[in-house]
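Heads up: numbering here begins at 1 and tracks the sequence. Both backbone and side-chain heavy atoms feed into the values below; hydrogens, waters and symmetry mates do not.
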Amino acid sequence: MQDTYGSGEGVVSTILDRIRATAKVELVYGEERKVGEKTIIPVAAIAYAFGGGAGAGVEGSRHNGHADGGSVGGGGGGGGSVRVQPVGVLEVTEDETRMVPIMDWTRIVTTAVTGVAALLIVRAIFRRR
């Protein structure tokens, strides 16, 4: 039986080939900019996520209780996303090069609130005993 939508391996292979073609160091390090005596180079974190799948049909299957001479079923699909998040800048001077991180306050506050909530839940559980 031939899968008219391509094999699952083919979909994944195609996606991986496209990622390999676009995953370059230039995506992580931005264009340098001169600011006075310093050179600033933006730095980012890149994350790829993807998924794909395919289905197949059965020839000569029964449909609504009647024999069907044709094929039934099939399908396929895929999707993905790319996340680019700034993490800092490289600051290059004549004397030194240093990484200046960008503070992600949303993540910091979310982590703190989650930690406090977990502590309160654990505390409430142990007080009941």
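- For the pair Ile108 and Asp104, the minimum side-chain heavy-atom distance is 4.5 Å or more.
- In terms of heavy atoms, Val84 sits closest to Ala44 at CG1-CB, 3.9 Å.
- Between the CE atom in Met99 and the CD atom in Glu91 there is a gap of 11.5 Å [rounded to 0.5 Å].
- For the atom pair CD of Glu32 and NZ of Lys34, the computed distance is 6.5 Å after rounding to the nearest 0.5 Å.
- Between Val100 and Arg98, the closest side-chain pair of non-hydrogen atoms falls below 4.5 Å.
- The residue from Leu120, Thr114, Val113 that alone fulfils the side-chain contact (heavy atoms from CB on, under 4.5 Å) condition with Val116 is Leu120.
- The two residues Ile102 and Pro86 come nearest to each other via the heavy atoms CD1-CB, 3.8 Å.
- Hydrophobic clustering places Val28 together with Leu90 (ILVMFWY residues linked when any side-chain heavy atoms are closer than 4.5 Å, directly or through intermediates).
- A donor atom on one side chain and an acceptor atom on the other are not found under 3.5 Å apart for Thr93 and Lys38.
- By the rule that hydrophobic residues join a cluster once side-chain heavy atoms approach within less than 4.5 Å of another member, Val89 and Ile46 end up as members of separate clusters.
- Minimum interatomic distance between Arg123 and Arg127 (heavy atoms only, all atoms of both residues): NH2-NH2, 2.6 Å.
- Other residues, nucleotides and ligands contribute only 12 or fewer heavy atoms inside 6.0 Å of the OH atom of Tyr29.
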